Structures are given as structure tokens and as C-alpha cells.
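To start, the structure under review is shown below, and the notes come after it.
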Amino acid sequence: VEESSSNWTLRIANRNRFSQGENDVLLCAFMIGLLQEYLSWAGMGKNYLVDETECRGAGAPACVFLINRQPIE
């Protein structure tokens, strides 16, 4: 996890038996939903924008998620 004044960046690079090739795309979609729900719970019902900027399923070395620190109003 990296932190800036406006965003958090989550980088997931390790592979496991559930993460191989085209399944990465499905896992990334799941991870976006999981992150949004967790942030909503942790943020007392506020919604946060989560965007995937790189994906292993598309050939990137890691899946990278950009999380805006300001909730959606």
C-alpha cells in the first residue's frame, strides 16, 4: 500500500493457485467490490471510488487499485 495526499494505491503482485491468467480479471472485479464494501463499512456508510489502473489479466506484473481518499458525495 502506498499513500499520497489524495489517494491510496494498493498493489497485489503475488500469485496463488486461485489466480492464473484470465481468472485474474474476475478476481480483480471481485476485489474492487470487496474494497468498496469494506471502505463503506469502515467509513461509516460513505462510498469511496476504487479504480483498477493495472491488471495481471491484461499482462501487467501486478494488479494496481487506486482508491480516492475523498468519499463520493
Side-chain angles (χ1 to χ4, degrees):
V1 176
E2 298 170 13
E3 190 173 351
S4 73
S5 61
S6 60
N7 299 308
W8 292 293
T9 303
L10 176 62
R11 182 177 309 272
I12 302 174
N14 62 337
R15 291 192 173 272
N16 60 45
R17 65 187 172 116
F18 300 110
S19 175
Q20 300 186 4
E22 61 194 43
N23 289 337
D24 285 341
V25 176
L26 297 175
L27 287 172
C28 290
F30 172 78
M31 188 61 139
I32 288 171
L34 182 69
L35 286 168
Q36 286 177 327
E37 287 300 315
Y38 173 76
L39 291 167
S40 177
W41 173 78
M44 296 183 193
K46 296 178 183 172
N47 294 311
Y48 292 84
L49 181 63
V50 178
D51 188 32
E52 183 180 22
T53 59
E54 296 179 37
C55 181
R56 288 186 308 212
C63 292
V64 178
F65 300 94
L66 188 65
I67 305 163
N68 193 322
R69 292 178 74 151
Q70 291 295 324
I72 299 171
E73 309 235 357

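Predicted model, so just to flag it, every value in this text is computed and none were measured. Numbering of residues begins at 1 and proceeds along the displayed sequence.
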Query raised in the report: Any side-chain heavy-atom pair from L66 and V64 closer than 4.5 angstrom?
Result: no
Distance in Å, [X] [atom1] paired with [Y] [atom2], rounded so as to fall on 0.5 Å steps:
{"X": "L49", "Y": "L35", "atom1": "CG", "atom2": "CG", "answer": "11.5 Å"}
{"X": "I67", "Y": "T9", "atom1": "CD1", "atom2": "OG1", "answer": "8.0 Å"}
{"X": "L39", "Y": "N47", "atom1": "CG", "atom2": "CG", "answer": "9.5 Å"}
{"X": "I12", "Y": "E54", "atom1": "CD1", "atom2": "CD", "answer": "12.5 Å"}

Query raised in the report: ring-ring contact (aromatic ring centres under 6.0 Å, His included): which pairs involve residues 32-73, sequence neighbours left out?
Result: Y38-W41
Query raised in the report: Does the R69 side chain pair with the main chain of S4, one donor and one acceptor, at a distance under 3.5 Å?
Result: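 At least one qualifying donor-acceptor pair exists.
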Report task. Please check if L10 and F30 belong to a single hydrophobic cluster, counting links between Ile, Leu, Val, Met, Phe, Trp and Tyr side chain heavy atoms closer than 4.5 Å. Result ->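 Per the 4.5 Å side-chain linkage, L10 and F30 are co-clustered.
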Query raised in the report: What heavy-atom pair brings C28 and E52 nearest, and what distance separates the two atoms?
Result: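 Answer, listing the atom of C28 first, then E52: SG-OE2, 2.9 Å.
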Report summary line: Nearest heavy-atom contact between R11 and A62 is CG-CB, 3.7 Å
